[in-house]
Amino acid sequence: MSRNVVYDSSDEGQVRAAEKGEADRDKDLQWILSSPRGRRWIYELCYGKCHIERASFCGPDTHGTSFNEGGRAIGSALMDDVRTAYFGAFMKMMEENHDPIN
């Protein structure tokens with residue numbers, strides 16, 4: 001998950017705010033993954049829109065390749081967060097949505 005920046009680690013207020021923000025984002029992801037609809041949305045975002053298991057290469061178009069790689073990096077980071085924090089929900093999402101033939 002993304003982290004809040006703490007500019008002064010001796011400032012307990014900044015540290016608490018960063019910890020609260022991180023916990024809130026963690027709960028957001030947990031809430032999304034708690035339903036089949038949320039798991040489908042994450043799956044379609046990562047595999048459909050961010051094409052995490054497809055090549056980013058666009059031939060001689062380096063800008064297109066860079067653009068595709070940026071999307072793939074976002075999808076991969078999100079999928080890594082899901083896999084790391086909620087492995088059970090990740091497996092359920094894959095069972096519900098993944099078609100190994102396509």
Side-chain angles (χ1 to χ4, degrees):
M1 303 292 296
S2 62
R3 307 273 188 249
N4 278 3
V5 176
V6 176
Y7 294 100
D8 181 1
S9 61
S10 66
D11 183 344
E12 292 181 22
Q14 284 186 31
V15 172
R16 268 195 306 276
E19 289 172 344
K20 182 184 180 311
E22 187 172 341
D24 284 348
R25 283 186 299 280
D26 190 50
K27 288 178 184 175
D28 293 342
L29 184 57
Q30 184 179 23
W31 183 80
I32 291 169
L33 293 170
S34 69
S35 73
R37 190 174 266 178
R39 290 187 296 272
R40 182 178 62 240
W41 184 81
I42 293 282
Y43 182 88
E44 289 175 357
L45 176 68
C46 291
Y47 285 91
K49 306 263 188 300
C50 295
H51 53 84
I52 63 172
E53 287 191 349
R54 288 184 295 191
S56 298
F57 183 66
C58 289
D61 181 9
T62 58
H63 296 297
T65 299
S66 296
F67 179 82
N68 288 343
E69 189 57 24
R72 198 170 75 80
I74 291 169
S76 293
L78 176 57
M79 192 57 68
D80 187 51
D81 286 346
V82 170
R83 221 182 353 251
T84 302
Y86 302 103
F87 188 72
F90 167 76
M91 292 303 294
K92 192 169 194 172
M93 177 182 66
M94 297 306 284
E95 289 172 2
E96 293 169 344
N97 298 287
H98 193 68
D99 181 4
I101 296 173
N102 293 321

Of all pairs that satisfy salt bridge (charged side-chain N to carboxylate O under 4.0 Å, His left out), the ones with a partner from residues 64-73, not counting sequence neighbours: Glu69-Arg72
Derivation of the side-chain contact (heavy atoms from CB on, under 4.5 Å) call for Leu78 and Ile74: CA-CA 6 Å; Leu78 176 57; Ile74 291 169; 5.6 Å; no
Under the side-chain contact (heavy atoms from CB on, under 4.5 Å) test, residues paired with Met94 that sit two or more places apart: Tyr43, Tyr47, Phe90, His98
Residue list, salt bridge (charged side-chain N to carboxylate O under 4.0 Å, His left out) with Glu53, at least two apart or on another chain: none
Heavy-atom donor-acceptor pair, Arg40 side chain to Pro36 backbone, under 3.5 Å: no
Residues forming a salt bridge (charged side-chain N to carboxylate O under 4.0 Å, His left out) with Glu96, sequence neighbours excluded: Arg39
Sequence-distant partners of Ser35, side-chain hydrogen bond (donor to acceptor under 3.5 Å, both in side chains), two or more places apart: none
For Asp24, all residues meeting salt bridge (charged side-chain N to carboxylate O under 4.0 Å, His left out), sequence neighbours excluded: Lys20
Non-neighbouring partners of Tyr86 that pass ring pair (Phe, Tyr, Trp, His ring centres under 6.0 Å), sequence neighbours left out: none
Rounded distance (nearest 0.5 Å) linking atom NZ of Lys92 with atom CZ of Phe87: 14.5 Å
For Cys46 against Gly75, the heavy-atom pair lying closest together: SG-O, 3.5 Å
Heavy-atom closest contact (Cys58 atom, Gly64 atom, distance): SG-C, 3.7 Å
For Glu12, salt bridge (charged side-chain N to carboxylate O under 4.0 Å, His left out) partners two or more places apart: Arg16
Distance, nearest 0.5 Å, that separates NZ of Lys27 from CD of Glu22: 12.5 Å
Nearest atoms (heavy-atom pairs only) where Ile42 meets Met93: CG2-SD, 3.9 Å
Heavy-atom pair with the smallest gap, counting every atom of Ser56 and Asn68: O-ND2, 3.3 Å
Pairs involving residues 54-78, ordered by first then second residue, that meet ring-ring contact (aromatic ring centres under 6.0 Å, His included) (sequence neighbours left out): none
Heavy-atom closest contact (Ser76 atom, Ile52 atom, distance): N-CG2, 3.4 Å
